[in-house]
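Here is the structure we will look at, set down as structure tokens.
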2 protein chains.
Amino acid sequence: MSSAMPEIPWHKARKADPRQPLSRDVIVETGIRILDAEGLGGVTMRRVAQELGTGPASLYAHVSNKDELCELMLERITGEVVLPERAEPERWKEQVTEVCLAAQRVFTAHRDITLVSLGSVPIGPNQLRVTEFLFDLLLRAGVPAQVAAWALDALGQLIDTDAYEASLYVNRISGGTDIDAYFESIKDYLSRLPADRFPRMSSLAETLISGDGDQRFLFKVDVLLRGLETYIPQGPTRE
Amino acid sequence: MSSAMPEIPWHKARKADPRQPLSRDVIVETGIRILDAEGLGGVTMRRVAQELGTGPASLYAHVSNKDELCELMLERITGEVVLPERAEPERWKEQVTEVCLAAQRVFTAHRDITLVSLGSVPIGPNQLRVTEFLFDLLLRAGVPAQVAAWALDALGQLIDTDAYEASLYVNRISGGTDIDAYFESIKDYLSRLPADRFPRMSSLAETLISGDGDQRFLFKVDVLLRGLETYIPQGPTRE
DNA sequence: TTACTGCGACGAACACTGTTCTACGCGACG
DNA sequence: CGTCGCGTAGAACAGTGTTCGTCGCAGTAA
């Protein structure tokens, strides 16, 4: 206890990077940084804490859970989705497509973050912001309220699932796998299938695996919108 | 080593249930039993081994991985999906709906197993069986090959995602949460949203959360099929 | 200035996870 | 009868999320 005691060494050297005094925001930002670099699997409490020069227990003063941390990350990332200035119902299909594509781009850029949103009801402010825009747009386009409401569910699932699958390929690529060779091997496998039991898949293997992620995603959105259009009372929009 | 030695106790008492001599099939079956009872989170190598009266290391002689075990489980479960006797293209929409509903029922009955299929290309025999049937049905209905191929992707994602979300509610229920009260609280939350920024969601909160899982799922399938129909060259099928 | 009080920080530990190493025992085959 | 190989399984390793209890520092009251 005397002043003759030398400085306790480990207490000062504790953090190589004595940055902000550890807040909710810093933790979320750090989590996202790790997410972008290593994927959701790399985001562990220990890893985040280490990046902040501390131990995992310190995080629990600001974040109650790892699940909560992940949802906070998702909320912040959803904030990156930029929406059009205003809804243009006369070209609603194009605008819905634009928003979906923007969202898919943002999520895919953050690896497998959509694994989090697949399992949670979107109630964060930013998630509500996007949902409200699409909801309003569909209603203005003449889609019945109940149809529009359920369509939001479908659109959200579509974006999440597609972004998740896209991120899996990113993971594989960053894991060293040659993605083209991978798809080629699948095509070979399908085409070699016994033609008596799998006539369609074996003969159309090429067709099955054709198209990159964006093409397939845009196709799915298009199918959904075409289907939605048939629910508009006065029939399909005239060209 | 003499015959005077008493029975080695721990060798006989090792397993309370000395069943089959540990094969791939038994391991997969045990995994599915645990999956049904506790969800995918309960399926650990230790838990499966314990159920078989052995240690986790023993499983690795029959299964190379936990991931492989999960995919084997998925494959076997997919085998439970019963397909119609033969494709009836004249009522393709109804038949696709039937198959989708059947698949969704099977998967939902096995908790969150679809979390596995979300992350893997379906190449197991049983998965191919279902896919081939749907592919053939769509082609016979007049859907162009490329459209049908991509539609298979969309249908699979729809089934997987919906079954996964349904299972989350099952998990919550088995976790003791009152699911009705949960949705009611979400409805309250949405309706209390500031009306200036969220006019649509706050006023239509009731509409947003209405409908049970089956209704919403059937709606999504219907939208997809209606959209698909517009891709058929001679236009929508006449009634 | 001093004493206290409350809260954030955090090392250590707990109960888990998937996976690997290595020794062991038993059946089949030469 | 000997030997070889394979399936079994205990122990251990490097991780995981989370909790406990201590410790030091800020702010506040006396």
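Numbers restart at 1 for each chain; the letters A, B, ... are given by sequence-line order, proteins then strands.
- The existence of a salt bridge linking B/D214 and B/R105 is confirmed by a sub-4.0 Å separation between a basic side-chain nitrogen and an acidic carboxylate oxygen.
- Taking atom CZ of residue A/R24 and atom P of nucleotide C/dA9, one finds them 13 Å apart after rounding to whole Å.
- Comparing A/A57 and B/N65 against DNA chain C, the residue whose closest nucleotide sits nearer the 5' end is A/A57.
- Here the side chain of A/P56 is nearest to one of D/dT18, C/dG8, D/dG7, namely D/dT18.
- Across the protein-nucleic acid pair, B/Y60 atom OH and D/dG10 atom C1' stand 15 Å apart, rounded to whole Å.
- Taking the six-membered ring for Trp, B/Y169 and B/F183 have ring centres closer than 6.0 Å.
- Ion pair B/R47/B/E38 flagged as a salt bridge, since at least one NZ, NE, NH1 or NH2 atom sits closer than 4.0 Å to an Asp/Glu carboxylate oxygen.
- Distance B/K66 NZ to C/dT20 P: 15 Å, rounded to the nearest Å.
- Spacing between atom NE2 of A/H62 and atom C1' of D/dT18 amounts to 17 Å, rounded to whole angstrom units.
- Of all nucleotides listed (D/dG7, D/dG17, C/dG18), C/dG18 comes nearest to the side chain of B/M45.
- Atom CG in B/L40 sits about 10 Å away from atom P in C/dG18, given to the nearest Å.
- Heavy atoms of A/T44 sit under 4.0 angstrom from primed sugar atoms or phosphate atoms, though from no base atom.
- As a whole-Å value, the separation of B/L59 CG from C/dT17 P is 13 Å.
- Looking at A/R46, its side chain has no donor and acceptor atom pair within 3.5 Å of the base of D/dG15.
- Taking atom CG of residue B/D67 and atom P of nucleotide C/dT17, one finds them 16 Å apart after rounding to whole Å.
- The distance between atom CD1 of A/I27 and atom C1' of C/dG8, rounded to the nearest whole Å, is 11 Å.
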Just do the side-chain hydrogen bond (donor to acceptor under 3.5 Å, both in side chains) check on A/Q157 and B/Q157 with the steps written out, would you? CA-CA 9 Å; A/Q157 283 188 1; B/Q157 282 188 1; over 6 Å; no
